[in-house]
Each structure stands twice: as C-alpha cells, then as structure tokens.
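Notes follow once the structure below has been shown.
Computed from heavy atoms alone, side chains included, the values below leave out hydrogens, waters and symmetry copies. Lettering follows sequence order; numbering is per chain, from 1. Bear in mind the structure is a predicted one, so any value in this text is a computation, not a measurement.
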Amino acid sequence: MILTRASASPVALLRRLATAAQWLTSPLVPEDYFELINPLWGAGELCGRVEAVHAETADAATLIIRPGRSWIAHCPGQWVRIGVDIDGRRHWRTFSLSSAPGRSGDCVTITVKAVRGGLVSNYLVRSTAPGAVLRLSRPEGAFVLPEPPPPRLLFVTAGSGITPVMAMLDGLRLDNADGPDVVLVHSAPTSADVIFGGRLRSLAARWPRLRLHERHTRSEGRLRPAELARLCPDWTERSIWACGPPAMLDDITAYWTGPADGLHVERFSLVPAAAAGSGGHVRFTRSGREAEADGETPLLAVGENAGVLMPSGCRMGICYGCVARLRSGQVRDVRTGQVHGDAGEMIQPCVSVAAGPVEIEL
Amino acid sequence: MPATSHLAPVDAEEFGRELDKIRDEVLASLGERDALYIRGLIAAQRKLELTGRALLFASWLPPAWAAGTAALAVAKILENMEIGHNVLHGQWDWMRDPKIHSTTWEWDFASPADQWKHSHNFVHHTWTNVLGKDRDIGYSVVRISPEQRWHPIYLAQPFYNALLALFFEYGIAIYDLELERIPSGKKDLKEALTQLRAVAGKIRRQVVKDYVAFPLLAGPAFLPVLLGNLTANIARNVWGHTIIFCGHFPEGAEVFTEDRLENETRGEWYVRQLLGSCNIDGGRLFHIMSGNLSHQIEHHLFPDLPSNRYAEIAPRVRALCERFGLPYTSGSLARQAGSVWKRVLRMALPGPSPRRPAAGPPASFKAAA
C-alpha cells in the first residue's frame, strides 16, 4: 500500500504540472511543442518510428518500429492499425504484429506483403525508409494463445498469414522441454516466397517439438483440408490456429469436426474493392437510424429525412459545417464524381452520395 | 451600371464551369508538397513563437524586447491567418490528419472555432455581401455601403472602427454571438449565453497565458513581458482588421440585395463571390502573412482549396474575368486600406443615394433566368 502511494504521488505531481503547463500553451498542449524535437512525443495519436526495413522475400518486408510512449505491450497474434501518409494523405491498414512482445521501450515489427495494386502495402514494402514516422493504434485482436498454451498445437497458415503465427512461435519457448508440441502447415507459391522461410526452417531443424510442413502451391496445388489428416493425424485433437486467405479459412471451417472452441481463425479480407455502385443502405451508427439512399440524394438530406440530427451549413460543400466520420463504405463526391472513403475518413455529407452501403457515425 | 449587367445567365454558367475546372485540377494535384507546406509552416510558427517568448525573458535588453515582441506578433499573425483561418475552412481536411483538421483545430483567438465556423464559413461565405444575410458587411457596426440606412451613431464610426482594429479578436467574438438577433427571437438567449461562456473561457485562458503566467515566469521582467505580449496581440489585431477590411470593403466591391439569391445558380454564386471580393497585391511573404486573404477573390471562389494554391491559380482566374468582361479588383495594401478608410469616413455621414435601386438585382442579369 505504502509503495503504491509513494509511486503514485510523483505521477500525480507530473499530472498537475502538465495541467499547469497547459495554461502556457493554450490552445495547444505541451506535447505539440515537444513534437518539434521528436515526433514520437506528440499529443493525440500514437506514433512509431521505422528503425529498419528488412526484405523477407521479393515482395515482403519486415518493418522494425519503435513505438511512442503510450504503446502497450501486445499479445502474440494481435494486430495493429497502421496509419501512413502517402502523397499527403493518410491511409490506415491493419497488420499483424510479427514480433513477440518484449519489454516496454522495445521495438515491434510488422511484416507486410506487397499485394498487387495495393497502395499501402507496396508503399510500406518498397518506399518506406528508416526514420519514417507511422501512426499506430493500440494492439487489438482475440487471435491469441491462452496462457498457459495448449500442449498440442496446429498452425495452418498461408502467405502473409504466417505473420501473427511467427509472433506466437517466438513467444512459445520451444526450447523448453515442457513446451508444447507444435505442427505448422504453411502454404506459399514457392520455397522462395515463404515469409520467414529461413527462420522457420532453422527453428524446425533445431527444435524437435516443432514440425514444419511447407506446401509450395505452384507445384503441389492448394492445400485441401482433407490433407491435414495425413500431415497431422491427430489434428482434430489439437488446438488449431489458422490464418490466411478467406477461401482457405472457409474450407477449414467447413471441414472441421472437432470442438468449436478448438479452431481459431484470423481473417484478413483485403479492403473490398468498392463496388462503386450508385446509392445503397445507409446506417447512422450513433442514432441507430437507417435509410435507403439513391445515388443522387446527398447523405445530408438522407440523414435529415431519416430524422438524424445532422449538423449542416452551406449545403454546397464550402463551409465544412456538416463533416462526419465515415465508419464503413464509400461515397461519391457529387462535384467531382470521385468515389472515396476509408474507414474513419471525415466526409462532407452535403456533397456526398452513397456509393454502396455506408455507415456514418452520427 | 452594375458591373455584371451585360453578363447573360448562359455566360455565368460557362464562367462557373471554367472555375469548376480549375478547382478540379487543383484538387486532383494535391499531394506531398502541399502537406509539406502546411506541416512546415505549423512547425515554423511554433518555433517562432517559442523564440519570441524566450527573447522576451531577456527583455531588460531593449533589442531583445523589440525582437521578441516582433517574433511573437508574427507568430500570432501566422497562427490566426495562414494556419488557423485556413485549417478551419477545411482546406487541409483532405490530408485526413486529425491534428490538422477543421473538426479538431482550436486557435489563439477569442472566438471559439465552432462559433467561428458557423458565422464565417457558413453565414459569410455563403451569403457574401448580401445585405441582410451577410452579417460581415461592416460587422453590424460599421456603415460601409450606401445601401445600409444611415443612423446618427455612424457619425462615431471612424473612432470606433479604430477601436475595433485594436481589439479586433474580442469584437469578432462578441459579433459572432449575434446579439442583435435576440430581441426578435431569431436567436435563443440561452444559446447566446452558452456561447458567451465559451468565449469567456477562451478569453480567460488567453489573458492568463499572455498577461499573468508568462510575465510571472519572467520574474523581474514581469512588466516588459506583459507589455510585449500586449503589443503582439494588438499588432495581430490591427493587422487582421486591416487585411480583412480590405477583402470586401474597398471601392469596387459590390453589395447585393436579397432578391439576388432567388434561384441563384452555381455560376451566379461564383459571380457574386467575385464581385464582392478584392485582392491585395504583394509578394510571397506578404501573401503568407495575410493568410492568403490577399487572394480574397480566389479564396471566396474556392474557400476550401489550400491557401498555398491561390497564388498559382490567380492568373487563370484573372484571365477568365477578362474573357468574360468581369472586374477583378486588386490593389496595393496602401491603396486598398486607404479606400476602406475613405469609405468608413464617407459613410459616417448620411447619403449618398445607392448607385442602383436598393431592391433591384442587375436587371438583365436576372431577366433571362
């Protein structure tokens, strides 16, 4: 008790100092000035600085990132949202953390595979240099091993689906004689395309408790769930952790006959290529109201007609009095015809129409 | 004759389409260099402010006082004009950076960002120079156009306009409360009181910061620091007042009546924005210091385009105006400010009779609409 109090009072003092310092920096906060020295010290969003970038395969790279102060340690298997400024605009994407959690102040890693036509993944793999500052969310996700881990595990992964599992393997202490028995079945087009290929092979060579099956799909074809029984005869008795393309996960889920809580899947659907349709179902998430929008009525009017308390102003796109946060979906700017919309983007409802189903935080 | 009487509605629409084209081109080309501009400017402004305040701590040396005060004044001007005003317009929302966004920005100005966005972005920019709609015409206290009915109180306007310049930010904050609309019931008293509390909160923070906290921190330099901060705030106020009054009130800026708004098309809206605005000539540094309100015309045509682009598109807008035979009013700061003050002095007295029937829009402009 005494210890807690003794350690709490300097914190309380610091907090009081910070509040006092705000009187000197108003309307800004002291962090806005600290940021001039080190971008990781800024207020608001958590940032991380890229310390190094290592190529893993021809089209995948691991980014070693030093997160700012308010980072909280992640569990192996969790993911983080990464905000990156490309050509002046911020884009957010989700990536699994590929490093085992260390102590606070340590770096974390994400491993990114450049997908064809993918703006952010290509930028991270090919155009990001040490020193770049990225925005980070807190680590999230329930694709994590229980503590203590089950005695027998089966990982089924494909492509970049190996990234959360790599973090899990690093945290499993496979060198321990009491450690779990692990089978990893990983699919990639060729041997050279296996992300962490070298590391996985040397781990498997060193630790008999880890059995690695590489499936090279270009020569051997896609892994069918029926084959799992051959590769791992006791597979229904194992805890399964699967991460990879949606089709693979659907196959496994359909084929699985073991207990429902024995199969854990992590889905990374790519951002659905916007079916840039005209109009769509609009849901206003805070008020809970819903409406059908055509491709011509601005979302401001759609919301007003649905009884949502919509902030508004000029109704012609100049005053920014109506801006609202887009939770999902895409909108079309009636002035330019441009279809846009990332989750979390602020849009102008008075000059935006729905391009497919849309969720707005109002 | 009003300047637009010859312009047929068809031409107004063509004019509008040409402007839309410019707007689309700029939007499509926004990118890295614009982001670097605003981020660099914000960082430079903050460093300049820190420098100014640090120099003022040594203000027992007169040159340090002068340099510190000047640096602080420039920092405050940048913060309000090229950064604050333009960020609040949503000019940088396209970057999707929540730290440089119209919905999150707050500025070192007595008027809270929310109230400002309503009175300025919406009321003023939508109804620009329309009598009875745009409250910015003379800010409800200065008679700036013969269409405003004369009252003996206006005899004092040269005096109180000078006073308004000194305390501009407080004047604007009170003005944003729209107190004159309360008696008629157009504005809720409770709402006005809530707004007033927000204004009071902002003024309190500014007063504590500039006139209590920093002077106290300076110890023996209490008084010079307080005076330096006061001078910087007044310099910012006078500069802001001057630039803003030069935007819509010099000779050449037209004032409109409400019937002009009936069925106003996009093209006609553009024409009204053009005719109601005046530019100020100057170099790059001057444009930045004026928050690019020296490109008032471009700003009013495209209030949400990033201000660093106004100088680029100005020659094209000017060429369009020539092509369509529309006036493009521009002059030096001295000329425009002189013109404003001449008008303030002249309009203090009764008359003259309006140049055109107060109720009438340019006849031929509307005739075919």
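Looking at Leu30(B), the atoms closer than 4.5 Å to chain A (heavy atoms on both sides) sit in the backbone and in the side chain alike. Heavy atoms of Leu50(B) lying under 4.5 Å from chain A belong exclusively to its side chain. For Trp107(B), the part lying under 4.5 angstrom from a heavy atom of chain A is the backbone only. For a residue to count as touching a neighbouring chain, one of its non-hydrogen atoms must lie under 4.5 Å from one of that chain's; by this rule Gln338(A) does not touch chain B. Within the 4.5 angstrom heavy-atom criterion, atoms from both the backbone and the side chain of Asp97(B) approach chain A. Residue His118(B): no heavy atom, backbone or side chain, is found under 4.5 Å from chain A. Looking at Arg53(B), there are no atoms closer than 4.5 Å to chain A (heavy atoms on both sides), in backbone or side chain. Looking at Glu49(B), only its side chain comes within 4.5 Å of chain A, counting heavy atoms on both sides.
Among Val208(B), Asp24(B), Asp114(B), Val212(B), the residue making the largest number of heavy-atom pairs under 4.5 Å with chain A is Val208(B). Listed options His124(B), Lys202(B), Glu32(B) were ranked by heavy-atom pairs under 4.5 angstrom with chain A; first place goes to Glu32(B). Put simply, of Lys117(B), Arg266(B), Glu106(B), the one with the most heavy-atom pairs under 4.5 Å next to chain A is Glu106(B). When each of Gln348(A), Glu35(A), Arg90(A), Met346(A) is scored by its heavy-atom pairs under 4.5 Å with chain B, the top score falls to Arg90(A).
Arg135(B) CZ: more than 12 foreign heavy atoms inside a 6.0 Å radius. The number of heavy-atom neighbours closer than 6.0 Å to CD of Glu296(A), taken from other residues, nucleotides and ligands shown, is 12 or below. No more than 12 heavy-atom neighbours from other residues, nucleotides or ligands sit within 6.0 angstrom of CZ on Arg204(B).
Counting heavy atoms from C-beta outward, Arg96(B) and Glu345(A) have side chains that approach closer than 4.5 Å.
Salt bridge present: Arg39(B) and Asp85(A) bring a charged side-chain N and a carboxylate O closer than 4.0 Å. Under a 4.0 Å N-O distance rule, the pair Asp20(B)/Arg335(A) does not qualify as a salt bridge.
What you find for Ala35(B) and Gly88(A) is that their closest heavy atoms are CB-CA, 3.7 Å.
Tyr320(A) and Asp93(B) form no side-chain donor-acceptor contact under 3.5 Å, judged by distance and modelled atom types alone.
For His125(B), the ring-ring contact (aromatic ring centres under 6.0 Å, His included) test picks out His89(B), His120(B), His299(B), His300(B), with sequence neighbours left out.
In this structure, NE2 in His340(A) is found 14.0 Å from CH2 in Trp94(B), a value given to the nearest 0.5 Å.
Of residues 23-33 of chain A, those residues lying under 4.5 Å from chain B by any heavy-atom pair are Trp23(A), Leu24(A), Thr25(A), Ser26(A), Pro27(A), Leu28(A), Asp32(A), Tyr33(A).
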